[in-house]
Asks: 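Would you mind keeping the following structure in view while I ask a few things?
All values below were derived from every heavy atom in this structure, side-chain atoms included, with hydrogens, water molecules and symmetry-related copies excluded. Along the sequence shown, residues carry numbers from 1.
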Amino acid sequence: RLPVRLREIPAPFSRHQCRNAVQLRLRSMMILTAVCLGALPSIGGSFICTAVGYVTQATGHATCVFKVLLAYYLSSGLAIGLGNSKDAWFDAQFSTHKTFRFRIYVPVAMLIVLLPLAGRSMTQLPDEPTMEMVLLLCLCVAGVGFFCGVLVVTGTVIVGSLRYQSRDSLVLSWIGVACAGLACIVAQWVTGFGPFAAPSEVHAFFDCGALLSALCLAICAALDLSGAWEQAFDRTAEEEEPLQVVAPRDRRPMWSPAIQGGNAAITVFLFPLLPLVRCRNLATTLVLWKLFMDFVGPVLMLCWRCPWPFAGTAGLISTRVALLAVVLCLIPRSADFKIPLIIAWNLLMLCGSVLTCAMDRLLEGSSAQPAAPEALAAAVAADTADVPVVEGSADDGDAKPPLTWLSRVRANRLAHQLGIVVGLISAGIVVYAAAGNGGVVQATALRCRGLPPCAAPSAALAGTQHWPCGGGGGGSGAAVGGAGGGRDSVRIFHYGANMGCAKLEALGIYPLAATPARAAGFRLSFGSTPGFPTSAQEPAFGGLLPCGDGGCVHGIVHELTRSDLAALSATEPGYALGELPDVTAYHGELLRGVLAYLPFGALVAEAPSRRYAGLVWCQANASLAPGYSRQLACELAGLGIVGLSCAQENFQPLAAQSQSFLGAFRRSAGRT
């Protein structure tokens with residue numbers, strides 16, 4: 001059609017200029033086609049995989065995530081297998097144009113319906129999900145996976161047919177896959193979706209997936225109406241007509257699909273293991289980083305214009321295996337090695353993304369340009385000297401059709417899907433084995449979104465306890481003459497390690513009185529700020545932050561002498577004393593003039609050490625309302641700290657540890 005259009009170009013334009021203009025337009029349409037057809041089947045997978053942390057937190061079972069992922073990828077693999085084997089039957093029954101339009105518009109329409117249903121079924125999961133609830137979720141996810149698999153097959157054929165316009169069409173389709181991941185990252189940021197998201201946020205997140213599918217469908221419809229796909233449909237009208245014949249000298253071993261499948265197996269093997277990451281937010285973060293690396297890899301391959309060397313493939317495979325071992329070692333220790341885990345994870349996913357595109361680039365072989373339609377018959381005839389393809393010949397029983405570029409692309413896609421299934425099954429064996437031995441770190445059954453922002457006080461703990469840490473007959477508190485307070489005493493609201501007596505006794509401080517109370521308008525947060533004595537062992541501490549959602553923080557109001565307050569303040573670097581305006585005791589009395597240690601600067605959110613988290617939680621569990629204890633446990637679970645045992649783990653304040661070490665040193669020195 002191109003020469004006909006060129007003959008109709010007005011005279012002022014040269015033939016060369018018009019040809020360049022037409023080729024530029026065709027190339028721009030090809031880029032849009034490749035990106036959209038790459039993004040469409042990836043939207044469902046990106047949004048489903050991002051929900052790993054949420055499903056784990058909602059159900060408390062790592063095996064539920066495995067079932068969801070298996071339902072998605074098995075149904076997707078079934079669709080790809082049926083598409084590759086039944087194409088000829090569809091082509092014989094219907095016209096190519098109708099077939100491909102049906103395979104694009106109907107699956108996308110179903111995705112627009114099924115993605116919101118999947119999100120709503122996730123929010124219906126109870127703490128102990130029944131088989132019916134899990135089955136309903138898996139059916140919705142399986143539907144998403146099946147129609148995404150149909151789009152994979154259709155997109156492969158159409159993008160492959162457009163290859164005569166660019167040798168980078170497959171790389172561009174992988175960029176489309178990555179664009180869906182980037183859109184998923186943006187949707188997660190906009191909606192606030194995460195492991196502890198409210199049902200409305202979950203619904204909004206999956207509704208964004210449906211909207212993205214509708215947007216890609218609108219772009220595809222515009223391209224179809226513009227006639228950009230007509231030549232692609234024409235070139236696939238006959239299934240027997242190869243898109244590019246592989247020359248006899250280029251008949252190398254078909255090891256590319258094997259590498260493609262193994263590469264996919266390594267990537268997917270890690271996803272069912274993400275519930276073992278103690279921090280649900282970290283699990284979601286790793287998924288989002290993977291989606292970003294999926295974008296970086298194709299961009300790097302798009303910039304690589306040289307033939308891909310075999311040494312590069314071997315190097316990437318070796319690097320991936322080594323990084324896989326590192327990631328598997330770091331996942332159970334994610335609370336202590338968060339940054340190394342993220343770095344190793346990103347490198348692992350980047351190598352996988354580059355390797356996937358490299359295997360598609362290798363399909364070009366020595367034939368850089370596809371065969372022209374006029375020369376296709378001659379190419380096939382020349383190839384029959386080595387591979388007989390004449391129907392009805394004497395050797396027809398042993399004949400093999402000539403390899404085509406499209407055949408190799410389909411082999412890569414099928415191997416990719418088989419690798420995913422193998423990786424999932426292998427990971428499922430590991431997950432169930434760990435569950436059988438009690439090794440799975442289950443999410444707490446607590447749902448932060450279901451807890452009130454301000455826990456109710458406990459009537460059983462109401463009242464004031466005098467001399468809670470002893471020292472009534474002497475010590476620093478004796479000068480006041482009892483727990484009455486007086487003008488030389490102050491009230492301090494303690495919400496962290498100072499709630500208990502261990503640190504105060506180690507410092508020689510004996511409170512005059514202790515009253516459980518709650519401070520309205522504040523919440524407890526963990527993080528670091530300039531001035532905090534943070535270290536690799538103690539990365540974060542607690543602090544009070546204002547909140548406007550009706551929340552509150554519980555703690556112990558200690559009455560201290562001013563001399564004791566000065567000694568205590570010397571151990572609180574990075575904090576300043578500030579007055580809390582609304583502090584109410586558990587027995588209902590409004591306490592006036594209560595001070596608290598507030599952080600100097602803004603807190604940068606960070607998970608505390610297990611020692612500090614356990615110390616705070618155990619003291620809250622023993623002295624404060626059960627509702628607040630559950631709220632604090634939920635907050636710590638979101639930071640990856642679960643399974644705290646006050647009886648089996650010895651959580652000691654640093655001051656008590658230093659005092660114990662000093663006493664042991666003095667006793668040792670006295671013996672010598």
Side-chain angles (χ1 to χ4, degrees), residues 49 52 62 66 69 73 171 174 177-178 181 253 255-279 282-301 303-304 306-362 412 415-431 433-434 439 441 536 640:
C49 291
V52 166
F66 167 72
L69 294 178
Y73 285 110
V171 178
W174 284 114
V177 170
W255 46 266
S256 175
I259 296 178
Q260 190 88 290
N263 186 45
I266 291 176
T267 299
V268 179
F269 176 78
L270 294 171
F271 277 84
L273 303 182
L274 287 180
L276 301 179
V277 176
R278 290 185 173 182
C279 180
L282 179 57
T284 302
T285 301
L286 291 177
V287 174
L288 297 179
W289 270 114
K290 189 266 179 187
L291 297 178
F292 180 72
M293 290 299 110
D294 284 346
F295 176 78
V296 176
V299 170
L300 292 178
M301 285 303 300
C303 299
W304 182 276
C306 302
W308 182 257
F310 178 78
T313 302
L316 286 176
I317 294 174
S318 303
T319 304
R320 287 213 86 195
V321 172
L323 289 172
L324 175 64
V326 173
V327 170
L328 290 176
C329 292
L330 292 178
I331 282 179
R333 303 172 179 86
S334 57
D336 300 322
F337 299 96
K338 179 179 178 180
I339 300 301
L341 174 59
I342 293 177
I343 294 175
W345 173 276
N346 287 342
L347 292 176
L348 177 67
M349 296 304 165
L350 178 60
C351 291
S353 179
V354 172
L355 189 59
T356 298
C357 295
M359 291 303 98
D360 282 347
R361 179 66 64 84
L362 281 176
N412 269 12
H416 181 86
Q417 204 67 26
L418 290 176
I420 288 175
V421 174
V422 171
L424 274 178
I425 294 175
S426 303
I429 294 174
V430 175
V431 169
V441 182

Asks: Does any part of the side chain of Leu316, heavy atoms only, come nearer than 4.5 Å to the side chain of Asn263, both counted from C-beta?
Replies: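 Counting from C-beta outward, Asn263 and Leu316 never come under 4.5 Å.
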
Asks: Measure the CD1-CD1 distance between Ile259 and Ile317 for me, rounded to the nearest 0.5 Å.
Replies: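 Atom-to-atom, Ile259:CD1 and Ile317:CD1 are 4.0 Å apart.
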
Asks: Give, for atom CZ of Phe269 and atom CD1 of Ile429, the distance between the pair rounded to the nearest 0.5 Å.
Replies: 9.5 Å

Asks: With rounding to the nearest 0.5 Å, note down the distance linking CG in Leu348 to CD1 in Ile266.
Replies: 7.5 Å

Asks: Do Leu270 and Leu324 come close enough that some side-chain heavy atom pair is under 4.5 Å?
Replies: yes

Asks: Can you tell me how far the CG atom of Leu418 sits from the CD atom of Gln260, to the nearest 0.5 Å?
Replies: 11.5 Å

Asks: For residues Ala264 and Ile420, report the shortest heavy-atom separation together with the two atoms involved.
Replies: CB-CG1, 3.8 Å

Asks: Using the side chain to side chain contact (heavy atoms under 4.5 Å, CB included) rule, take Lys290 and Thr267 through it: C-alpha gap first, then chi angles, then the decisive distance, then the call.
Replies: CA-CA 9 Å; Lys290 189 266 179 187; Thr267 299; 3.7 Å; yes

Asks: Grab the two heavy atoms, one from Thr319 and one from Gly315, that are nearest each other, plus how far apart they are.
Replies: OG1-O, 2.7 Å

Asks: Roughly how far, to the nearest 0.5 Å, is the SG atom of Cys329 from the CG atom of Leu341?
Replies: 11.0 Å

Asks: When rounded to the nearest 0.5 angstrom, what is the spacing between CG in Leu286 and CH2 in Trp345?
Replies: 5.5 Å

Asks: Whether the side chain of Ser353 engages the backbone of Met349 through a donor-acceptor N/O pair (distance < 3.5 Å, no angle test) should be reported.
Replies: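 Judged by distance alone, no pair lies under 3.5 Å.
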
Asks: Check the pair Leu350 / Leu300 against side chain to side chain contact (heavy atoms under 4.5 Å, CB included), numbers first and verdict last.
Replies: CA-CA 10 Å; Leu350 178 60; Leu300 292 178; 4.2 Å; yes

